Protein chains: 2
Amino acid sequence: MSPKVSKEHLKQRRAKILEAARAVFIEHGYERATMKHVMDAAGVSRGGLYQYFSNKEELYEAILEERLSSEYANIQNVLNMSEGSYWKLLLKSIFGDDMEPNDEMDEMAPSNLEFFITGRLDERRRKYGQERYQLGIKVYQDVIRAGQESGEFSSKYSSDILARSIVAFIDGLALEYAILPNEDVKLKEQSNMFIEYLRMALGVEG
Amino acid sequence: MSPKVSKEHLKQRRAKILEAARAVFIEHGYERATMKHVMDAAGVSRGGLYQYFSNKEELYEAILEERLSSEYANIQNVLNMSEGSYWKLLLKSIFGDDMEPNDEMDEMAPSNLEFFITGRLDERRRKYGQERYQLGIKVYQDVIRAGQESGEFSSKYSSDILARSIVAFIDGLALEYAILPNEDVKLKEQSNMFIEYLRMALGVEG
DNA sequence: TTGAAAAACGACACTAGTGTCGTTATAATG
DNA sequence: CATTATAACGACACTAGTGTCGTTTTTCAA
């Protein structure tokens with residue numbers, strides 16, 4: 001009637017697995033990665049791994065959830081310390097704190113695309129993907145709507161369609177990043193152009 | 001020393017397999033589809049199928065090539081019977097002959113995304129994907145560059161970046177189409193907004 | 001009509017990966 | 001230090017799918 005190892009230990013081991021899994025998914029992508037890869041990378045036995053995650057799907061979603069919560073905390077932060085400018089807020093929510101596009105891309109982005117696309121025909125996973133996608137839209141939509149209500153943004157276009165365009169743009173970039181050799185990808189330039197587009201659509205001064 | 005079946009027969013059989021395979025890929029996606037699915041759908045035995053395509057990759061690429069050539073013929077057509085307006089030409093090359101966005105999407109689009117993304121880590125397939133992607137960019141780039149040189153389009157943005165944006169936009173839509181339930185997808189509205197964006201970027205009058 | 005080339009067939013052997021389960025090692029507790 | 005719950009292990013059985021290959025069938029030409 002007593003736990004045989006500390007909660008702390010369990011947590012650490014889990015974290016170790018997740019970290020190793022992340023590296024594996026970056027290297028092999030979602031579909032090609034195997035539980036064996038993860039075992040080896042984490043230095044854990046088959047049985048040991050399955051104690052924590054009972055299949056690859058679960059493992060991947062655990063990684064996604066981790067990111068999600070930290071990202072969310074970040075966005076919440078941004079939303080709260082509002083600087084009074086929704087435009088700045090929007091840029092932050094798209095490009096992060098620097099508010100500037102750079103030439104880096106989340107290394108997991110290609111695997112994420114892979115995960116969601118290959119999962120589209122499985123009922124449970126499709127549902128999960130839809131929720132995440134809608135959530136992604138919602139983040140931007142909330143900022144845009146607030147900006148429109150405050151009068152800072154033009155209401156010419158619906159916040160929904162605008163938010164979708166942002167998501168589509170980001171996904172399109174991720175795809176390009178996944179397929180083209182790195183030196184051929186021009187994230188920064190494309191992002192800058194997209195910003196001008198948003199400026200136009202939202203009626204924000206240059 | 002004589003062929004035992006007519007060329008015509010071989011062609012038809014091949015076509016039959018391709019057609020069945022197309023349906024299979026639409027239903028199951030690329031990764032989950034199996035050669036068995038195709039055999040059943042085409043009413044052909046295992047050995048029979050492998051006589052024509054020695055693996056799934058080859059089969060899928062054959063489908064892609066077919067489309068590619070017919071699409072290319074179409075674009076060539078459009079390019080030749082030039083109506084003097086590069087803007088119209090651009091719209092045609094994006095949305096097809098109607099020049100109008102509609103709510104339909106190529107049913108193969110999700111599988112195509114899947115094929116290219118999951119193939120990104122295999123050397124041969126990555127190369128293939130890159131070529132196709134670059135080709136996709138080139139189509140739009142050619143029209144834009146021509147329009148810019150003729151003075152019809154503004155040269156504010158490089159034709160390369162603009163063309164990439166178009167591809168990214170289309171891919172983003174395809175992804176949305178793949179993931180969201182159909183009734184939630186708003187292809188038309190998003191496309192219309194995108195057109196306005198292009199108008200701005202190219203300096204084309206409404 | 002017959003013979004031969006090859007198209008079509010389907011059983012088979014093989015592989016890569018999964019998840020389970022009985023066993024062993026370990027760490028907290030009394 | 002002994003006890004014991006359970007974390008960790010790794011061999012194993014199982015599965016889904018692939019590509020091959022010897023056999024059968026078909027088609028065309030002589």
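We use all heavy atoms of the structure for the numbers below, so side chains are in, but hydrogens, waters and symmetry mates are not. These numbers were taken from a predicted model, which means no experiment stands behind them.
Heavy-atom distances to DNA chain D give each of B/H9 and B/G47 a nearest nucleotide, and the one nearer the 5′ end belongs to B/G47.
In this structure, A/R13 places its CZ atom 13 Å from C1' of C/dA27, rounding to the nearest Å. Distance B/K36 NZ to D/dG19 P: 16 Å, rounded to the nearest Å. D/dT18 atom P lies 12 Å from atom CD of B/E57, rounded to whole Å. Atoms CG (B/L49) and P (C/dA8) sit 11 Å apart, rounded to a whole Å. If you measure from atom CZ of A/F53 to atom C1' of C/dT20, you get 19 Å, rounded to the nearest angstrom. In this structure, A/L10 atom CG and D/dA5 atom C1' are separated by 13 Å, rounded to whole Å. In this structure, CG of B/L59 is placed 15 Å from C1' of D/dG19, rounded to the nearest angstrom. Taking atom CE of residue B/M39 and atom P of nucleotide C/dA7, one finds them 19 Å apart after rounding to whole Å.
Across its full length, the helix from C/dT1-D/dA30 to C/dG30-D/dC1 shows an angle of 0° between the axes of its 5 terminal pairs at either end, rounded to 10 degrees.
Between B/Q51 and C/dA8 there is no side-chain N or O to OP1 or OP2 distance below 4.0 Å. The side chain of B/Y52 places an N or O atom within less than 4.0 Å of a non-bridging phosphate oxygen (OP1 or OP2) of C/dA8.
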Begin with the C-alpha distance, continue with both residues' side-chain angles, and end with the deciding distance and a verdict on side-chain contact (heavy atoms from CB on, under 4.5 Å) for B/L10 and B/Y52. CA-CA 9 Å; B/L10 292 183; B/Y52 289 85; 3.2 Å; yes
I would like to know whether A/T118 and A/E114 meet side-chain hydrogen bond (donor to acceptor under 3.5 Å, both in side chains); could you show each step before the answer? CA-CA 6 Å; A/T118 58; A/E114 201 187 338; 6.0 Å; no
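In this structure, the nucleotide among C/dC9, C/dG19, D/dT18 sitting nearest to the side chain of B/Y50 is D/dT18.
The salt bridge (charged side-chain N to carboxylate O under 4.0 Å, His left out) search around B/K138 returns B/D142, not counting sequence neighbours. When the salt bridge (charged side-chain N to carboxylate O under 4.0 Å, His left out) test is applied to B/K156, the partners found at least two apart in sequence or on another chain are A/E196. Legend: residues meeting salt bridge (charged side-chain N to carboxylate O under 4.0 Å, His left out) with B/E189, ordered by chain and number and at least two apart, are absent.
Stacking of B/R22 on the aromatic ring of B/Y60 is not recorded, the 6.0 Å distance cut-off and the 45° axial limit not both being met.
Salt-bridge annotation for A/D40 and A/K36: present, with a side-chain N of the basic residue lying under 4.0 Å from a carboxylate O of the acidic one. Contact check on B/E61 versus B/R124 returns a salt bridge, with a Lys/Arg side-chain nitrogen under 4.0 Å from an Asp/Glu carboxylate oxygen.
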Across nucleotides 12-17 of chain D, 5' to 3', mark each nucleotide with B, S or - according to how protein heavy atoms within less than 4.0 Å reach it. -----S
Solution key, residues 162-177 of chain B side-chain donor-acceptor pairs under 3.5 Å, sequence neighbours excluded:
unit_1: B/R164; atom_1: NE; unit_2: B/D160; atom_2: OD1; d: 3.1
unit_1: B/R164; atom_1: NE; unit_2: B/D160; atom_2: OD2; d: 3.3
unit_1: B/R164; atom_1: NH1; unit_2: A/E176; atom_2: OE2; d: 2.4
unit_1: B/R164; atom_1: NH1; unit_2: A/D184; atom_2: O; d: 2.8
unit_1: B/R164; atom_1: NH2; unit_2: A/D184; atom_2: O; d: 3.0
unit_1: B/S165; atom_1: OG; unit_2: B/I161; atom_2: O; d: 3.1
unit_1: B/E176; atom_1: OE1; unit_2: B/Q190; atom_2: NE2; d: 2.7
unit_1: B/E176; atom_1: OE2; unit_2: A/R164; atom_2: NH1; d: 2.4
unit_1: B/E176; atom_1: OE2; unit_2: B/Q190; atom_2: NE2; d: 3.2

